[in-house]
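In what follows, every heavy atom counts, from backbone to side chain, and hydrogens, waters and symmetry copies are set aside. In the text below, chain A, chain B and the rest are named by the order of the sequence lines, each starting its count at 1. For clarity, every value in this text was computed on a predicted model and none was experimentally measured.
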There are 2 protein chains.
Amino acid sequence: MKKEQNIKPTESELEILNILWSKGPSTVKDVHEQLAATKNVGYTTTLKIMQIMLDKQLVTRDASSKIHIYQSAVDKTQAQGQMVQRLIETVFNGSAMQLVMQALGNHNTSATELAMIQEYLDKQTKQGKKK
Amino acid sequence: MKKEQNIKPTESELEILNILWSKGPSTVKDVHEQLAATKNVGYTTTLKIMQIMLDKQLVTRDASSKIHIYQSAVDKTQAQGQMVQRLIETVFNGSAMQLVMQALGNHNTSATELAMIQEYLDKQTKQGKKK
DNA sequence: TGGCATTTACGAACAACTTCGTACATTTGA
DNA sequence: TCAAATGTACGAAGTTGTTCGTAAATGCCA
């Protein structure tokens, strides 16, 4: 019974979501410090984007204290899924397999990772066709 | 010795690239008909975007006749690779494996496709780590 | 309590993208 | 040949996203 929303964050919003996903509920200051570590951006810019995200309901905030605490309002896995799905549709003609090949082929994946994927696939195929 | 360009088409541009990739060199009219099949958009809009793409060198055109013929100036595989790479970095924390899991888990891939991926992985792992 | 630092709010400016109206050029066929 | 159809060029307007300056509110501490 989850609310199904269509998540389409902008670049900047996604950066912030990533921070919130990894750090959990955070102040603007926290997020901005994290952001500023790799990017030259003003504090009020970060604030503004987070306010916009609040508007779009990408985040929620606790304003009970005067220092507001923000947290992601979207599920990480669900968001990842939607973005992958979108890429599959728009770039790989609907074929997940083609995307997987690309990802594995180009990315120089480690042997360990490949093994883990194989294991995963074995489980999938052994338990028969789903659907 | 290839020219390394960073490809970042917009949504609309990507739609057009997909058409050019599948149909090969095409006129604006061709592209627009294709586009209009699924999307309500004016002819001059399509034309304009294609002109902008020419500007950005996403496409080239043959204007020797008065009816210009456009074709993609970017390699499909390379573009796909860059977009996958970007997704891995921005959403999956650099891990191709995580993306693959997502793609396979969510997407209800067919048994046949899974088998093909396994075969591919077998070849990869058997020939040992590259690089 | 007064003043400095921190935080939030707001709006303006700019840039990128999308859309389309209009004008102009070319082709075609009656 | 000339009018309709087809095609290209251009610019303007609307939308969205990004950035930041400035102001106002609040917190802190000497």
Side-chain angles (χ1 to χ4, degrees), chain A residues 5-20 23 25-71 74 79 83 86 90-91, chain B residues 5-20 23 25-71 74 79 83 86 90-91:
Chain A
Q5 39 170 327
N6 209 1
I7 302 158
K8 209 174 178 185
T10 67
E11 271 300 307
S12 301
E13 288 167 355
L14 187 55
E15 286 175 337
I16 289 175
L17 281 179
N18 272 319
I19 292 171
L20 292 178
K23 302 247 166 183
S26 308
T27 63
V28 174
K29 189 185 175 192
D30 292 337
V31 171
H32 180 247
E33 276 169 2
Q34 200 43 207
L35 224 48
T38 60
K39 192 188 180 186
N40 193 9
V41 68
Y43 179 88
T44 52
T45 304
T46 304
L47 171 65
K48 179 71 162 189
I49 292 179
M50 291 176 76
Q51 287 171 338
I52 291 172
M53 290 171 78
L54 180 65
D55 233 60
K56 294 185 183 173
Q57 307 191 47
L58 288 174
V59 298
T60 57
R61 78 174 171 193
D62 174 355
S64 60
S65 145
K66 277 303 155 184
I67 292 171
H68 302 173
I69 311 254
Y70 289 76
Q71 66 180 307
V74 304
M83 287 185 271
R86 211 170 282 134
T90 58
V91 183
Chain B
Q5 40 170 329
N6 209 1
I7 302 158
K8 208 175 179 185
T10 68
E11 271 301 306
S12 302
E13 288 166 355
L14 187 54
E15 287 175 336
I16 290 175
L17 281 179
N18 272 320
I19 292 171
L20 292 178
K23 303 247 168 184
S26 307
T27 63
V28 174
K29 188 185 176 192
D30 292 336
V31 171
H32 179 248
E33 276 169 2
Q34 203 40 210
L35 225 47
T38 60
K39 192 188 180 186
N40 193 9
V41 67
Y43 181 89
T44 53
T45 305
T46 304
L47 170 64
K48 179 70 161 189
I49 293 179
M50 290 177 75
Q51 287 171 338
I52 291 172
M53 291 171 78
L54 181 64
D55 233 59
K56 294 184 182 175
Q57 306 190 47
L58 288 174
V59 298
T60 56
R61 79 175 170 191
D62 174 354
S64 60
S65 144
K66 278 301 153 182
I67 293 171
H68 302 172
I69 312 252
Y70 289 75
Q71 65 180 308
V74 304
M83 286 185 271
R86 211 170 281 134
T90 57
V91 182

Exercise. Send over the distance from Lys66(B) NZ to dT28(C) P, rounded to a whole Å.
Key: 14 Å

Interface polar pairs with nucleotides 9-13 of chain D, N/O, under 3.5 angstrom:
{"residue": "dA9(D)", "atom": "OP1", "partner": "Arg61(B)", "partner atom": "NH2", "Å": "3.4"}
{"residue": "dA9(D)", "atom": "OP2", "partner": "Gln51(B)", "partner atom": "NE2", "Å": "2.8"}
{"residue": "dA9(D)", "atom": "OP2", "partner": "Arg61(B)", "partner atom": "NH1", "Å": "3.1"}
{"residue": "dG11(D)", "atom": "N7", "partner": "Lys48(B)", "partner atom": "NZ", "Å": "3.1"}
{"residue": "dG11(D)", "atom": "O6", "partner": "Lys48(B)", "partner atom": "NZ", "Å": "3.2"}

Quiz prompt | Leu14(A) CG to dT18(D) P, straight-line distance once rounded to whole Å | solution = 11 Å

Practice problem: For the side chain of Ile49(A), starting at C-beta, report the closest nucleotide among dT8(D), dG17(D), dT19(D). | Solution: dT19(D)

Quiz item: Rounded to whole angstrom units, what separation is found between the CD atom of Glu15(B) and the C1' atom of dT19(C)?
Solution: 14 Å

Quiz item: What integer distance in Å separates Asp55(A):CG from dG11(C):P?
Solution: 13 Å

Exercise. Indicate, with a heavy-atom threshold strictly under 4.0 Å, whether Thr45(A) touches base, sugar-phosphate, or nothing.
Key: base

Practice problem: Measure the distance from CE on Met53(B) to C1' on dA16(C) and round it to the nearest whole Å. | Solution: 15 Å

Quiz prompt | Of Lys56(B) and Val41(B), the one whose closest DNA chain C nucleotide lies more 5' | solution = Lys56(B)

Quiz item: Any side-chain N or O of Tyr43(A) less than 4.0 Å from the OP1 or OP2 oxygen of dT8(C)?
Solution: yes

Quick one: side chains of residues 41-51 of chain B, donor-acceptor pairs under 3.5 Å with protein atoms, not counting sequence neighbours, listed by atom name and distance.
none

Quiz item: Whole Å only: how far is the NE2 atom of His32(B) from the C1' atom of dT8(D)?
Solution: 15 Å

Quiz item: Measuring from Arg61(A):CZ to His68(A):NE2, what's the distance to the nearest 0.5 Å?
Solution: 5.0 Å

Self-check item: Closest-nucleotide 5' rank along DNA chain D - winner of Glu11(A) and Ser65(A)
Solution: Glu11(A)

Practice problem: May I ask you to decide if Thr10(A)'s main-chain N or O and Glu13(A)'s side chain share a donor-acceptor pair within less than 3.5 Å? | Solution: yes

Self-check item: Closest listed nucleotide, where the reference is the side chain of Thr10(A) and the choices are dT18(D), dT18(C), dT7(C)
Solution: dT18(D)

Quiz item: How close do Tyr70(A) and Val59(A) get, heavy atom to heavy atom, and via which atoms?
Solution: CD2-CG2, 3.8 Å

Quiz prompt | Gap between atoms CG and C1', on Asp62(A) and dT8(C) respectively (whole Å) | solution = 15 Å

Quiz prompt | Spacing of Glu33(A) atom CD and Thr27(A) atom OG1 [to the nearest 0.5 Å] | solution = 7.5 Å

Quiz item: Got a second to check how far Leu17(B)'s CG is from Met53(B)'s CE, nearest 0.5 Å?
Solution: 3.5 Å

Exercise. Output the distance between atom CD1 (Ile7(B)) and atom CG (Leu14(B)), rounded to the nearest 0.5 Å.
Key: 10.5 Å

Quiz item: Among dT18(D), dT19(C), dG7(D), which is the nearest nucleotide to the side chain of Ile67(B)?
Solution: dG7(D)

Quiz item: To the nearest angstrom, how far is Asn40(A) atom CG from dT18(D) atom C1'?
Solution: 14 Å

